Structure formats: C-alpha cells, structure tokens
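Written below as structure tokens is the structure these notes are about.
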Amino acid sequence: MASTTEETAGPSARPPIEVRYCEVCTFPLEYCEFGSSFSKCKEALLQEDPDLYNKFYSEEALQAKLGTLSLEAQSKLEKDTAAKEAKAEKKADALLKKKMVTIKRIERNKRKFVTSIHGLEAFGVDLKKAAKLFAQKFATGASVTKNPQGLEEIVVQGDVSGDIVEMIEDQVGLLKGVPKDNIVEIEEKKKKGGGD
Amino acid sequence: MFKKFSPSTDISGQTSVKSSVQRSIRAAVLSQWKIDPDTFEQIWPKKEPITLVKCRDHISIYTLHGEPLFFQHFDEPFFPTLHLLHKYPFILPMVRIDRGAIRFLLAGAHMMCPGMTSAGGYLPPADAALPAGAPVAIHAEGKEHAVGIGITKLATEDMKKINKGVGVETVTYLGDDLWALQKL
C-alpha cells in the first residue's frame, strides 16, 4: 500500500494537542467572539491569563483577524454578535427569574398527603442528599422521582410543606443558596393515577 | 445532525460492544482516518471496551469511560467528536471556510461552495482531491482549531468547478448539543 503519509507518521505516537477552552463558553479561546457571552469571556480570560488575552485581543491581533471581509461586512458581523449576546443574556435572566421552587401538597386519601418539591436542581441542590435530609428530619419516607414532564422532584410523605418552607428560609444544610422569594406553594386535590 | 439533541429523550440505549465488533470498528476507523495505530492506541487502548450509545435516527455514539469518542450514522463513515478532533487535528483532511461563513456554521447551516472557493476559504489541491462522501474537518479563516466536522456532498474538484449549492454538509459544529455532552 503506497503510503504517502510517511512524514506525518514520524514518531510512533503523536501526543494530543492541548487545547485551552474558555471557562465561560466552553469554546476554544479563539471562538469566544462567536459565543453568546463574549464580554464575560474576555473578562474571565483577562483575569486568568493576561498573556493569552493580549495574544487574542490586542490591537495587532484584532487587525490581523479582520481578514478578507470588507469593512461593512465586518461591522455588520459585530453588530449581529452583539445583538445575539444581548438576546442570550435576556433569556438567561428570564430563566433565572422563572426558577421557582414549587412545593405541592397532594392529597392521597381523605386525610393523608404527600409533599412534592420540584425546582431545587435549578439552584444546584443535590436531590438525593436533600431527599435523605428530609427523610431524616421528618422521620418519613422521601424519594426522588421523575414526574410525567420529565422533571425530577422530591416526594416526601406527609404534609410537611410548611416545614420545608421554614427549612429553606433557615438555609439548613445543603439547601443553601435557595432564595426564599422563589418558593411557591400549591395545593393539589388530584388523585394520582385515578381510574377512567 | 446534532442541532437538537437532548440526552434525556434522544438516547434509546447503552450497550457494551462485543470484542469481535470492536476489532472491526478499530480496523474501520484506522483505515478511514489519517491516523497511525500508536496514536490511536492513546485514544482507545486495546484493552479498553467501548460503549455503544444508540440514539434516534440510527445514530450510534461510541464512548470510552463516558466520554464520547466517535459516532456514525447507519453504517457510514465514522466521525470523531469535535473534542477528539481538536486534540488530534491531523486525522481528517481539512477544508477552510471564510470568516463570513463562520456564524452560519455555528448556527448549524451546511457549507456552500462559495464559502470555500472564495479568498478566505481553502480546498485541498487537485492532487489531494477528495471524493464526495468523505468526512472532513471544517476549519475557519484565521483560526487554528476546527469549527466543525462535515461530509463532502461534491468532490472537491467539482466544488471548484461548479461553485454553487451545498459543498460540505455539516455533521457537527462547535457548540451544538454533541459538544455540550461531555459525559454520556
């Protein structure tokens, strides 16, 4: 087999190239300008590694990057990326505001309830550990389940909704970081899996 | 291919692969990519079993210790993941697109011929011409790392001659859902 790649195969094993990925947008550093968080990427890089920052964003580097695009195409490109970044930020903010922790009290029988909490993982709470914590605190069963929408929630036996709100307010243990304004309490009368 | 891909809904199953099948995959990959066995040994040691993750649309992703290495659609050529391509950029032949086309590629568009035949683009010269249906690494003008991986829809000579329509179909690009999938 005529192999024309003799020279590239030189040393037996070629080591991988180490790529620096941006902490903010996970792209290789040179592609941050196309991501949706360019200004944050620049800040992060400036803090971490000023030399690399200069390599990419100093005056000569920017000039060289203009490449073969005409001036108006280049400015249009910049405007578009700025608009995209603004849109992505707005979406992220809206998402943050919408992140409610929903505490539902579902009726199981006439006088028995279950409490379902969902939305905690949006705040970085480890659901399994939180479920264990609740189970210990309230001496009942608690588990992590997937509801029909595909979202995970913690289901605690008994009506502990008020106590959960208190625990979140007091920022007990690993419930830290959940702001109390984001809690919503609902009562549900639905019967789970009722017959048709 | 990975424009909309969410692990929770699009993965149908994970299985380990029989060693006979593993051997055939290893041989196929070695013949399709410009890689030599020792380097490939670094990526995928002989002793390690890979996992096959089956996804919708007959897409199979092969992972090692949870990290996706390469994938294929039906029984077509194997494509490395972009992460893998960044580490070993020589495994696929390269085409380059000009600066204006980058943002369209990053939105998932396919690459049109003019993007590669214009001043900022690059196609392999006639003696290294690629046929249609070959996996290629898509590089961007002024950047050292690949932006995406595609498959040629036309032979590179035809792209230069006809210069109209889709030249390279984008299979995966920087920032798509496969890129976001670090662990499977």
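Residue numbering restarts at 1 for every chain, and letters A, B, ... go by the order of the sequence lines. This one's a predicted model, so the numbers in the text were calculated from it and none came from an experiment.
The 12-atom threshold is not exceeded at CD of A:Gln136, counting heavy atoms of other residues, nucleotides or ligands nearer than 6.0 Å. Counted within 6.0 Å of NZ on B:Lys160, heavy atoms from surrounding residues, nucleotides or ligands total more than 12; the atom is thus considered enclosed.
The parts of B:Glu144 that come within reach of chain A are both its backbone and its side chain, each placing non-hydrogen atoms under 4.5 angstrom from that chain. With a 4.5 Å cut-off on non-hydrogen atoms, B:Leu174 touches chain A through its backbone and its side chain both. Heavy-atom distances place the backbone of B:Ala146, and not its side chain, under 4.5 Å from chain A.
Sorted by first and then second residue, the ring-ring contact (aromatic ring centres under 6.0 Å, His included) pairs with a member in residues 92-124 of chain B form an empty list; sequence neighbours excluded.
Not a single side-chain hydrogen bond (donor to acceptor under 3.5 Å, both in side chains) links A:Asp163 to another residue, sequence neighbours left out.
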